[in-house]
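Before we start, here is the structure in question, set down as structure tokens.
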Amino acid sequence: MKLIVKSDKSSNHTRPPQPHTVAHPIEMFTGPLFAVKPDECEFIHGTAFIIAPGYALTATHVWEDYLKIIEKRKLHETLKPGAKLNFMLMLRIDLPSGDSVHFSIERIQFHLKGDISVLEIIAQEGFDWSILAPYPTLRLNPPHVNESIYAYGFPNSSVEIEADGRKGFHVWTHLSAGTVNEVHETHRDKILLKFPCYQVDALLLGGMSGGPITDSQGNICGVIASSHTLEIIGDESPIGYASTLWPILGVCLEQPLGKKKYQYPRLIRLFRTKVIKSIDIDHFELICDPEDFRLFLSNKNNESRIIQLGLAE
């Protein structure tokens, strides 16, 4: 099956992207997330972004929607972190040169209690990861109330039949500016947003879920979790939500040691070794007791957090 991908860098929405100046070109790390089951179905609804060679982030509910549609099953009932899907999940990135590169998702790691997933990705043959360097810097703590932010994603993308009968993915980009209205340190509620998150007044459209939120310096400080789908009336401000990043430090990553042997290092190791860069966490300490692991984080501003990591493996 041959797929055609068409892009339109302008938004087709009634409220156009606002002018922006960011220190980091987040567009070159961000792309639409495709789901394909050969000879059966193709879907595109959601966004993901690369944070380091071999790793990307998205919102868990984006690929969970694909799971429900294609495999007729729910995430929490049948799938464990690290499991492989029975369909192809691909991330497409447009390079500054004008070329595009496709990444296949090898494995997905996630928290059952959050909405951020870590995608372990494989580039197409011959791809040089240094083309994307320098990689974005993460801001693990949430931005402050009234702080300016920018959101980027791929709304209103679709699969359409071309004139020659082939199926094509049509993608649209959208960049929106706004400010932070509220910060929920642990959760907003116990049903929908039961994880650390914050509210923004940027226009977040359907399909932008899983995309990055950046601060005014270009640091990634969140993942789009909830988009605005209703019509905005008059001067009413849009409302959207982003997941705070620091809980991803408790995610396990599977790495082979040898034949039929695996270790499960925490994502924190990639931060310690500077594979993934962050600006606001300077000290990491693993606290062990007979029942579980906890991770203590702190920075030069005396801000600290403790992440419950669960039973020791």
Test side chain to side chain contact (heavy atoms under 4.5 Å, CB included) applied to Ala56 - qualifying residues, sequence neighbours left out: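 Side chain to side chain contact (heavy atoms under 4.5 Å, CB included) list for Ala56, sorted by chain: Ile50, Leu91, Leu119, Ile121.
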Below 4.5 Å, heavy atoms only, C-beta onward: do Pro196 and Pro247 meet side chain to side chain?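 SC-SC contact between Pro196 and Pro247 confirmed.
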Taking the six-membered ring of Phe103, is NZ or CZ of Arg92 closer than 6.0 Å to its centre and within 45° of its axis?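 No.
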For the residue pair Ile213 and Tyr198, what are the closest heavy atoms and their distance?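 Smallest interatomic distance, heavy atoms only, reads CG2-OH, 3.4 Å.
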Quick check: do Ile108 and Val118 have side-chain heavy atoms less than 4.5 Å from each other?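 Heavy-atom side-chain distance check fails, nothing below 4.5 Å.
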His144 backbone acceptor or donor facing Glu147 side chain under 3.5 Å: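 Flag set: sc Glu147 to bb His144 pair under 3.5 Å.
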Within the structure provided, determine whether Phe49 and Ile220 are in side-chain contact (heavy-atom separation under 4.5 Å).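 A side-chain contact exists here, since the closest heavy-atom pair is under 4.5 Å.
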Show the nearest heavy-atom pair for residues Gly207 and His45, with the distance to one decimal.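 Result for this residue pair: N-CE1, 3.6 Å.
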Quick check on the hydrophobic clustering: are Tyr150 and Tyr135 connected, directly or via other members, by side-chain heavy-atom contacts under 4.5 Å?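 Yes; Tyr135 is reachable from Tyr150 via cluster members.
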Test your reading of the model: is there a side-chain donor-acceptor pair from Asp280 to the backbone of Leu140, 3.5 Å cut-off?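 Flag set: sc Asp280 to bb Leu140 pair under 3.5 Å.
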Show the nearest heavy-atom pair for residues Gly46 and Val62, with the distance to one decimal.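 Residues Gly46 and Val62, closest heavy atoms: CA-CG1, 3.8 Å.
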Are a donor atom and an acceptor atom from the side chains of Trp63 and Ser117 found within less than 3.5 Å of each other?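 A pair is found: one side chain offers a donor N or O, the other an acceptor, under 3.5 Å apart.
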Quick check on the hydrophobic clustering: are Trp129 and Ile26 connected, directly or via other members, by side-chain heavy-atom contacts under 4.5 Å?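 Yes, same cluster.
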What I'd like to find out is whether the side chain of Met28 reaches to under 4.5 Å of the side chain of Leu132, using heavy atoms alone.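 Met28 reaches Leu132 side chain to side chain.
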With clusters defined by side-chain heavy atoms of hydrophobic residues (ILVMFWY) lying less than 4.5 Å apart, directly or transitively, does Leu57 cluster with Ile122?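 No, it is not one cluster - the side chains of Ile122 and Leu57 are not joined through contacts under 4.5 Å.
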Is a donor from one side chain sitting under 3.5 angstrom from an acceptor on the other, for Asp201 and Thr179?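 Yes - a donor-acceptor pair under 3.5 Å links their side chains.
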Whether Thr47 side chain and Gly211 backbone form a donor-acceptor pair below 3.5 Å: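 Side chain of Thr47 to backbone of Gly211, a donor-acceptor pair under 3.5 Å: no, none is there.
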Do you reckon Ile279 sits in the same ILVMFWY cluster as Val223, going by side-chain contacts under 4.5 Å, direct or chained?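 Cluster IDs for Ile279 and Val223 differ.
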Please tell me if the side chains of Leu245 and Arg139 come closer than 4.5 Å, counting only heavy atoms from C-beta onward.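 Side-chain contact under 4.5 Å: no.
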